[in-house]
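The structure appears below as structure tokens.
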Amino acid sequence: MGLRRGQVAGLRRSDCHLLPDSRHLGCDDKGAHVHVRRRRNTNRAWSKSKKEWIQPLDFLVVQGFDQYLDERYEILGAGGSDFVLVNLFREPLGAPMPPQAMGELFERLGMRAKLSRKVPPHMARRAFGSNVADAGGSLDEVQMLLGQSHPSSAVPYLIPNRDRLREAIRRVPFPRAMHGRGEQ
């Protein structure tokens, strides 16, 4: 979803509106989304952004969230913390997951997937920004989806797809075509 690890670790279940229409929850924003808020948290997670914003979610995130909640319910039951991410496999069970634990989680998942390099959580944020741009998203859209306050803050997250770069070169006209002397 493009959030920083502190923003994800600070999410509360009450911040998540995963229905097509959440008006009955008191929220007028359409579609699945989360409210990203800066607040003090017991796990020391926080949003770097001072401004609250709404992050839209796609169906894959909603599906992953549903699967996680099923697993969480099997392990913890209905109770537990209001935090979205909690310890499910280490003590204290049900306690809010600290932001540092995401790095460990990513490392274990990378080893399990037999990746040739480490993939830190921030790389997922960069990939999100690049994917939005590669899908035709404008710089201001990338900026807003990453929760950046200034458009230039999103630039380091734009890592173009090689195919898109090749396509950009293909679109450049040949000099002869530009001057009306035929094409190459």
For this session: Report whether Val36 and Met102 are members of the same hydrophobic cluster (ILVMFWY, side-chain heavy atoms less than 4.5 Å apart, transitive linking).
Result: yes

Exercise. Same hydrophobic cluster for Leu3 and Val61, using side-chain heavy-atom links shorter than 4.5 Å among ILVMFWY?
Worked result: yes

Exercise. Do His35 and Ser14 have side-chain heavy atoms sitting under 4.5 Å apart?
Worked result: no

Problem set entry | Side-chain heavy atoms of Leu139 within contact of Val155, under 4.5 Å | yes

For this session: Step by step, work out the side-chain contact (heavy atoms from CB on, under 4.5 Å) result for Leu109 and Leu115.
Result: CA-CA 9 Å; Leu109 290 172; Leu115 299 179; over 6 Å; no

Seminar exercise, completed: In terms of heavy-atom contacts, Ala78 and Arg13 come closest through O-NH1, 4.3 Å

Exercise. Can you list the steps and then say if Val8 with Met97 is a side-chain contact (heavy atoms from CB on, under 4.5 Å)?
Worked result: CA-CA 10 Å; Val8 174; Met97 182 188 287; over 6 Å; no

Seminar exercise, completed: What one should report as the nearest heavy-atom pair of Val34 and Cys16 is CG1-SG, 3.8 Å

Problem set entry | Separation of Lys30 NZ from Asp21 CG (nearest 0.5 Å) | 8.5 Å

Problem set entry | Closest heavy-atom pair and its distance - Lys118, Met123 | O-CE, 4.2 Å

For this session: For the residue pair Pro92 and Asn87, establish whether any side-chain heavy-atom pair is separated by less than 4.5 Å.
Result: yes

Exercise. When you measure from the side chain of Arg12 to the backbone N and O of Phe83, does any donor-acceptor pair fall under 3.5 Å?
Worked result: no

Exercise. Within a reach of under 6.0 Å around OH of Tyr73, are more than 12 heavy atoms found that belong to other residues, nucleotides or ligands?
Worked result: no

For this session: Report the distance from atom CE of Met1 to atom CG of Leu11, rounding to the nearest 0.5 Å.
Result: 5.0 Å

Problem set entry | Contact summary for Val119 and Phe106, nearest pair of heavy atoms | O-CD2, 3.2 Å

Problem set entry | Beyond-backbone contact of Pro56 with Leu145, side-chain heavy atoms, under 4.5 angstrom | yes

Exercise. At what distance, to the nearest 0.5 angstrom, does NZ of Lys50 lie from CZ of Arg38?
Worked result: 6.0 Å

Exercise. Any idea which heavy atoms bring Ala154 and Leu146 closest together, and the distance?
Worked result: CB-CD1, 4.5 Å

Problem set entry | Cluster check Phe65, Val86: I/L/V/M/F/W/Y, side chain < 4.5 angstrom | yes

Exercise. Only one of Gln55, Arg39, His33 clears side-chain hydrogen bond (donor to acceptor under 3.5 Å, both in side chains) with Asp15; which?
Worked result: Arg39

Problem set entry | Crowding at CZ, Arg23 (>12 non-hydrogen neighbours, <6.0 Å) | no

Exercise. So how far is it from Asp66 CG to Leu18 CG, rounded to the nearest 0.5 Å?
Worked result: 6.5 Å

Problem set entry | Same apolar cluster: Leu57 and Tyr68, side chain cutoff 4.5 Å | yes

Exercise. To the nearest 0.5 Å, what is the distance between CD (Glu104) and CZ (Arg90)?
Worked result: 4.5 Å

For this session: Would you indicate whether Arg44, at its atom CZ, is surrounded by more than 12 heavy atoms from other residues, nucleotides or ligands within a distance under 6.0 Å?
Result: no

For this session: Indicate yes or no for a side-chain donor-acceptor contact from Arg37 to the backbone of Gly10 under 3.5 Å, with no hydrogens or angles considered.
Result: no

For this session: First locate atom CD of Glu141, then atom CD of Gln143, and finally report the distance between them rounded to the nearest 0.5 Å.
Result: 10.5 Å

Exercise. When you measure from the side chain of Arg126 to the backbone N and O of Pro156, does any donor-acceptor pair fall under 3.5 Å?
Worked result: yes

For this session: Please report the shortest heavy-atom distance between Gly94 and Leu76, naming the atom on each side.
Result: CA-CD1, 3.7 Å

Problem set entry | Leu93 reachable from Phe89 in the ILVMFWY side-chain graph, under 4.5 Å edges | yes

Problem set entry | Exam field: side chain Asp29 to backbone Ile54, donor-acceptor pair closer than 3.5 Å | no

